[in-house]
Amino acid sequence: MPMNRQILLDNRPVAEATESNFRLVTTPTPDLQEGEVLVRHHYLSLDPYMRGRMNEGKSYAQPQPLGQVMIGGTVGEVVESRHPRYQSGDRVVGMGGWQEFSVVKADALGAIRKVDTTHVPLSHYLGAVGMPGVTAWYGLVKIIEPKAGETVTVSAASGAVGSAYGALAKARGCRVVGIAGGQDKCDYVVKALGFDACIDYKQHADAASLSKALKQACPNGIDGHFENVGGMVLDAVMLRTNAFARIAVCGMIAGYDGKPLPMTAPALILVNRIKVQGFIVSEHMEVWPEALQELGQLVGSGRFRPRETIEQGLENAPKAFLGLLKGKNFGKQLVKI
Ligand SMILES: NC(=O)c1ccc[n+]([C@@H]2O[C@H](COP(=O)([O-])OP(=O)(O)OC[C@H]3O[C@@H](n4cnc5c(N)ncnc54)[C@H](OP(=O)(O)O)[C@@H]3O)[C@@H](O)[C@H]2O)c1
């Protein structure tokens with residue numbers, strides 16, 4: 001059995017996470033038991049939720065235990081199998097973690113799933129045709145429930161979730177406006193992803209200024225918003241909401257290092273009768289097949305071409321992860337293993 005390089009959570013961050021929170025080790029892979037498969041990972045997914053897992057304390061999920069392999073989505077190939085449904089060479093998606101190989105009990109719920117790479121490249125099963133894509137689908141379809149002609153917005157628009165949201169909302173006939181950090185990202189969001197407009201929040205010192213830009217980009221107001229960031233961005237959007245707007249609260253990345261994110265005008269929830277709903281995509285497994293089918297068709301047909309930022313080598317995963325939390329990624333952040 002091969003030697004396996006792994007990245008463990010060594011200690012918890014005090015405020016900002018740093019590379020010293022992680023530790024690289026090499027261990028032998030255990031022999032396979034009946035019902036298990038050995039998977040060699042090709043790509044590791046880096047996702048903002050991992051920052052929350054590094055902390056101790058109450059949340060929707062248990063903290064990442066110290067001294068254990070960091071949690072993470074992976075795609076790869078089966079290299080050895082003691083399970084009748086899996087063969088060497090099968091392409092699979094799973095939660096293999098920050099390591100080169102994983103030994104998986106193939107029948108465990110949600111442990112591993114075969115994927116078809118004929119029309120969809122393997123890596124996209126960690127992004128547009130995976131968890132981030134389904135996240136966009138759930139917030140848009142189940143919370144925002146858009147009608148054709150409505151205006152919908154999204155923050156972190158060029159990212160894994162934001163870009164899928166744009167593709168899904170355009171397919172439903174909406175006016176789609178993104179908010180992203182920097183001119184390059186905004187150009188990409190409009191020219192490559194087909195959003196109607198995108199605003200660079202870094203050009204605005206406060207919510208009032210960002211809100212003015214939103215007024216221009218959304219002349220009929222905002223009917224639905226998908227929040228990934230929090231703080232100033234959410235404040236600015238709230239100022240432009242129409243009566244009976246819906247806000248899907250997906251992420252609050254601006255506060256993941258512990259910075260408080262106050263909401264300036266919560267009274268707008270009442271005045272505009274806004275529905276504000278948070279959600280965790282893994283609590284809605286019933287929608288995954290329908291969502292993945294639509295996302296697979298959008299990507300497979302070339303109507304949605306998701307962008308990826310690929311870091312080379314497991315040892316560079318911590319650096320790439322810290323970059324993701326600062327917006328250094330452009331599209332889905334992966335590590336090639
Ligand atoms: N609720 C759920 O079940 C669920 C599931 C998946 C993801 N999420 C959330 O969805 C959001 C997007 O995730 P993703 O995987 O698609 O990541 P992503 O958008 O590909 O990458 C994160 C992006 O967030 C933006 N960002 C980082 N720090 C920021 C800050 N301080 N202020 C403003 N923007 C900041 C950056 O974009 P800019 O350069 O444009 O600022 C960065 O590229 C995250 O909040 C994540 O936690 C939630």
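From a predicted model like this one, the values you see are computed outputs, not experimental measurements. Whatever order the structure lists ligands and atoms in, that order sets their numbers, starting from 1.
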Electrostatic pair E19:K319 at N-O distance under 4.0 angstrom: no

With the threshold set at 4.0 Å, does a side-chain nitrogen-carboxylate oxygen contact exist between D200 and K185? no

Indicate, with yes or no, if the rings of F22 and W98 have centres closer together than 6.0 Å. yes

Would you call D196-K170 a salt bridge at under 4.0 Å N-O? yes

Would you check ligand 1 and list the protein residues that come within less than 4.0 Å of it by any heavy atom, ordered by chain and number? P48, M131, T135, A156, G159, A160, V161, A180, G181, K185, Y201, N228, V229, C250, G251, M252, I253, A254, Y256, F279, I280, V281, L324, L325, G327, N329, G331

Within 45° cone and under 6.0 Å: K275 NZ/CZ vs F244 ring: no

Between K105 and E34, does any NZ, NE, NH1 or NH2 come within less than 4.0 Å of an OD or OE carboxylate oxygen? no

